[in-house]
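Both ligands and their constituent atoms are indexed starting at 1 by order of listing. Starting from 1, each residue takes its place in the sequence as its number.
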Amino acid sequence: MAMPTDIAGNIAKVLSRIGQAAAQHSRDANDVTLMAVSKTHPAERVRAAAAAGIRHFGENYLQEALEKIIALEDLPLCWHFIGPVQSNKTRQIAEHFDWVHSVDRLKVAERLSAQRPAELPPLNICLQVNIDGEATKSGVRPAELPALARAVSHLPRLHLRGLMAIPRRCDAFEEQRHVFGRLRALADVLRDELALDTLSMGMSADLEAAVAEGATIVRIGSDIFGARALRSV
Ligand SMILES: *Cc1c(COP(=O)(O)O)cnc(C)c1O
């Protein structure tokens, strides 16, 4: 029988990696929020991570996420939608999430703004950038980012916070840094004009490089909850 995953121990290890990377790159570790990516893992594991101090959770699949959000309503959690957004799913996302990290077209942003319930605060938004060119189909192309960002910043029920990217997997630290540095440079150009404060970048395999390049939210799945079943990305 497999050993149960030590979620609290794993969280402590990830926090210590964030702390070390921050210290090495003259950053305050308090400026880096650890989001636990709980896709494919049941609500009880999310509860265990919450008991270990995690407040921010990321989910990719709407139906699965809604079940967990409802099951964990007694906890003060902050839910982040990080998967591809289909237009016909925007209403439920706008109603149940606090953040969406994966907005890459104006039509989706307009729907989220129109559908955000009046009694909730504006929905926090990161624009997903296709930082590798051809590697993935998701994400706005860098050349089209400024126009999209300005348009999204005018939508009344959204609060544009920053940029997100999912780079192609690569194991060399300097290469990881280079790609994250490109995302940071794109944010730098718009930061003052649009009051951006968020860089959502870094996963289990590249969180140190992301912290080195200014990540303010790292999205960690397998290094907290263990390996996922094959369906997931
Ligand atoms: C699954 C996922 C993660 C977490 O990836 P790990 O490698 O398991 O840490 C982070 N961000 C997004 C967008 C994801 O889909």
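If you look at Asp223 next to ligand 1, there are no close heavy atoms at all, none under 4.0 Å. With a 4.0 Å heavy-atom cut-off, ligand 1 is reached by the side chain of Lys39 but not by its N, CA, C or O.
At most 12 non-hydrogen atoms from other residues, nucleotides or ligands lie less than 6.0 angstrom from NE2 of His178.
Once rounded to the nearest 0.5 Å, the distance linking CE of Met201 with CD1 of Ile166 reads 13.5 Å.
Atom numbering of ligand 1 starts at 1 in the shown order; those under 4.0 Å from a heavy atom of Arg219 are 4 (C), 9 (O), 10 (C), 11 (N), 12 (C), 13 (C). Counting atoms of ligand 1 from 1 in the listed order, those under 4.0 Å from a heavy atom of Asn60 are 14 (C), 15 (O). Listed by number with element, the atoms of ligand 1 under 4.0 angstrom from any heavy atom of Ile220 are 9 (O). Here is the list of ligand 1 atoms found below 4.0 Å of a heavy atom in Ile82: 11 (N), 12 (C), 13 (C), 14 (C).
Remark: of the listed residues Leu160, Leu155, Val100, Val103, Val100 is the sole one forming a side-chain contact (heavy atoms from CB on, under 4.5 Å) with Leu123.
Ring geometry, Phe57 versus Phe225: the interplanar angle falls from 30° to 60°, so the pair is classed tilted.
Using a 4.0 Å heavy-atom cutoff, His101 is absent from the residues neighbouring ligand 1.
Looking at Gly221 next to ligand 1, an N or O pair under 3.5 Å apart turns up.
Taking a cutoff of 4.0 Å between a charged side-chain nitrogen and a carboxylate oxygen, Lys13 and Asp223 do not qualify as a salt bridge. Electrostatic pairing of Glu193 and Arg150 counts as a salt bridge here, judged by a charged N lying under 4.0 Å from a carboxylate O.
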